[in-house]
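Reading through the structure tokens given below for one structure.
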Amino acid sequence: MSSLQPVRGTHDILPDDFRLQKSVADCAAEIAGRYGFKEITPPVFEFTEVFARTLGDTSDIVTKEMYTFEDRGGDSITLRPEFTAGIARAFMSNGLAQEIPCKFFCRGPVFRHERPQKGRLRQFHQVDVEIIGVPGPLADIEVIAVGAHFLETLGVLGDAVLQLNTLGDTESRLAYREKLIGYLEGHKGDLSEDSLARLQKNPLRIFDSKDHGDQAVMADAPLLGDHLNDHSNEFFTHVRDGLDALGIAYEINSRLVRGLDYYCHTAFEFVTDTLGAQGAVLAGGRYDGLMEQMGGRAMPGIGWAAGVERLSMMVGEAPAAPNLIVVIPLGDVAEREGLKVTQQLRHAGLVVEMGYSGNMKKRINRANKAGAGAVVIIGEDELTKGVATVRNMETGEQTEIALDALVDHLAAYR
RNA sequence: GUGGCUGUAGCUCAGUUGGUUAGAGCAUCGGCUUGUGGUGCCGAGGGUCGGGGGUUCAAAUCCCCUCAGCCACCCCA
């Protein structure tokens, strides 16, 4: 269509939506801050390798879902599709292994070349927390707790269910994977085409399939939970005890899986049925194998990410805009005084605009539509008396206030 | 990337079997009101009917292509 149209899957965030989305991200930052997470921000783009190496082969993700391009130096660059890989890279680049445990909070735009749907855009925004350097389950408990706390504060926790699963440690997973593939080989005829493709590269994902034939096969498939070694079982029990102690409700979902090899132990998703078929609103897990896969030294990590647009849709209503005062000067001389008053009030911490176009009626009308709590009128009458007329926009009541008492008087409208 | 549904004014939507100059509500602007908003009355502006091509005497309406949105799938790092 016309070039005035934004690129597919992008859109402009206008004031009401912006205020809502900012309040959601600010809420996450504030809650995470209470848990000791420090906000950092990695670059919006990285060398493609940073993301590609975490994903291994030429999966759909690499070939189909990433915004990748070549810069002028010939390097392959990718717009970040998530925060974790960039944070892990930053952790290694800056030698932060000295400072573990590291607890980071991030927010900002991420990019995925997907078919857009409501709340699922090609440029969207995430909030993200990560704990790096803690191998034990206390980190898992804390990461889930901060997520639950965040959703609770937003007022959407009641519309979501925490689903929890364990992927076990590497030993358990590898042994189980063999067993699962063995089982699936025996049922090849009943699997969907998609799942046949998944069989070698990502067999765990078949648990997620929406195909009825697949689901029938998987109903009798061996479960990871039955193949955990002692260490993995203890770890999971520890996590669950911690959640129980905190009163965080969850349900075990043994179909909740992560396909990539660096994941282990805890996997979780807060799932809702209020946003269509894509139910997860906040999802994360433990990725002890990630750094090693990226070429660094082994370093445990766990975190989650949540989509700001989707959370905003659940919240629905934007918080009220700050109270506004509008100064209306009438005439050239008053305009000079109006400028001074406006600036004074701003320095005093009030949100003030000057209504400078049109006649009185139009200006008052505009102030009203902008949501002004009070209007300060300065005309010739007022000037000769050294006062301003303050109109309370809710009651319509007007009072004359001495110019040097304006700041104090208007403090009530803050 | 695959499939389905939908695109008419800033927004929400009418528009008959293809037939004059494409309508309404809300919003915007102007007036009733020369320094006073919300309700009221009067009036005005605003449309490449998503875009391109085709069929036809005639297309918002039928056909093809394309773009976008929505829904589901793939994917979900």
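Convention: sequence-line order gives letters A, B, ...; per-chain numbering from 1.
- Under 3.5 Å, the side chains of A/T272 and A/D159 contain no donor-acceptor pair of N or O atoms.
- Residues forming a side-chain hydrogen bond (donor to acceptor under 3.5 Å, both in side chains) with A/Q215 (at least two apart in sequence, or on another chain): none.
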Heteroatom pairs (N/O) under 3.5 angstrom, protein to nucleotides 32-36 of chain B:
| residue | atom | partner | partner atom | Å |
| --- | --- | --- | --- | --- |
| B/G35 | O6 | A/E380 | N | 3.3 |
| B/G35 | O6 | A/D381 | N | 3.1 |
| B/G35 | O6 | A/D381 | OD2 | 3.3 |
| B/G35 | O6 | A/E382 | OE1 | 3.3 |
| B/G35 | N1 | A/E382 | OE1 | 2.9 |
| B/G35 | N1 | A/E382 | OE2 | 3.2 |
| B/G35 | N2 | A/E382 | OE2 | 2.7 |
| B/U36 | O2 | A/R391 | NE | 3.4 |
| B/U36 | O2 | A/R391 | NH1 | 2.8 |
| B/U36 | O2 | A/Q398 | OE1 | 2.8 |
| B/U36 | N3 | A/Q398 | OE1 | 2.6 |
| B/U36 | N3 | A/Q398 | NE2 | 3.3 |
| B/U36 | O4 | A/Q398 | NE2 | 3.2 |

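- Among the nucleotides B/G37, B/C73, B/C76, the one closest to the side chain of A/M393 is B/G37.
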For A/H125 and A/Q21, what are the C-alpha separation, side-chain angles and deciding distance, and is it a side chain to side chain donor-acceptor pair (under 3.5 Å)? CA-CA 9 Å; A/H125 296 78; A/Q21 291 181 22; 4.5 Å; no

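- Looking only at atom types and distance, the side chain of A/Q123 has no donor-acceptor partner in the side chain of A/Y67 under 3.5 Å away.
- Look at B/G18: it lacks any Watson-Crick or wobble partner with both distances under 3.5 angstrom.
- Contact of A/R258 with B/A77 (side chain to base): no donor-acceptor pair of N or O atoms is detected under 3.5 Å.
- There is no side-chain donor-acceptor pair under 3.5 Å between A/T170 and A/R173.
- Between A/K210 and B/C73 there is a side-chain N or O to OP1 or OP2 distance below 4.0 Å.
- B/G38 and B/A27 have their C1' atoms separated by 15 Å, with the value rounded to a whole Å.
- Nucleotides B/C64 and B/G69 are separated by 23 Å at their P atoms, to the nearest Å.
- Contact annotation for A/G119: no contact, since no heavy-atom pair falls under 4.0 Å across all strands.
- Nearest nucleotide to the A/Q278 side chain, out of B/G37, B/G30, B/C73: B/C73.
- Side-chain atoms of A/T389 and A/E382 form a donor-acceptor pair, as typed in the model, at a separation below 3.5 Å.
- Residue A/Y262 is classed as a sugar-phosphate contact, given heavy-atom separations below 4.0 Å to backbone atoms only.
- Closest-nucleotide positions on RNA chain B for A/E269 and A/L121 were compared, and the one nearer the 5' end corresponds to A/L121.
- The aromatic rings of A/F207 and A/Y176 sit parallel to each other, their planes meeting at less than 30°, with 60° as the upper class boundary.
- Considering only side-chain atoms of A/Q117, the nucleotide from B/C71, B/G69, B/C74 that sits closest is B/C71.
- The gap from the C1' atom of B/G52 to that of B/G7 amounts to 16 Å, rounded to the nearest Å.
- In summary, the side chains of A/E46 and A/T78 do not present any donor paired with an acceptor at a separation below 3.5 Å, with no hydrogens or angles considered.
- Comparing B/G51 with B/U8, their P atoms sit 10 Å apart, to the nearest whole Å.
- Closest to the A/R115 side chain, of the nucleotides B/G1, B/G37, B/C74, is B/G1.
- Residue A/R205 has a polar side-chain atom (N or O) positioned under 4.0 Å from OP1 or OP2 of B/A77.
- B/C49 sits 29 Å from B/G3 when the P atoms are compared, rounded to a whole Å.
- Here, B/C63 and B/G19 have their P atoms 15 Å apart, quoted to the whole Å.
- Residue contacts for A/G276: at a heavy-atom cut-off of 4.0 Å it reaches the sugar-phosphate backbone alone, with no base atom in range.
- You won't find any donor-acceptor pair under 3.5 Å spanning the side chain of A/K118 and the base of B/C71, going by distance alone.
- Comparing the P positions of B/G46 and B/U2 gives a spacing of 42 Å, expressed to the nearest Å.
- In this structure, A/F111 reaches neither bases nor backbone, as no heavy-atom distance under 4.0 Å exists between it and the strands shown.
- The A/R8 side chain lies nearest to B/A68 when the options are B/C73, B/A68, B/A77.
- Remark: the backbone N or O of A/Q126 is not paired with any side-chain donor or acceptor of A/R107 at under 3.5 angstrom.
- Across B/C5 and B/G54, the matching C1' atoms stand 24 Å from one another, rounded to whole Å.
- Between the side chain of A/N365 and the base of B/G37 there is no donor-acceptor pair of N/O atoms closer than 3.5 Å.
- Here A/R120 lies in heavy-atom contact (under 4.0 Å) with a base.
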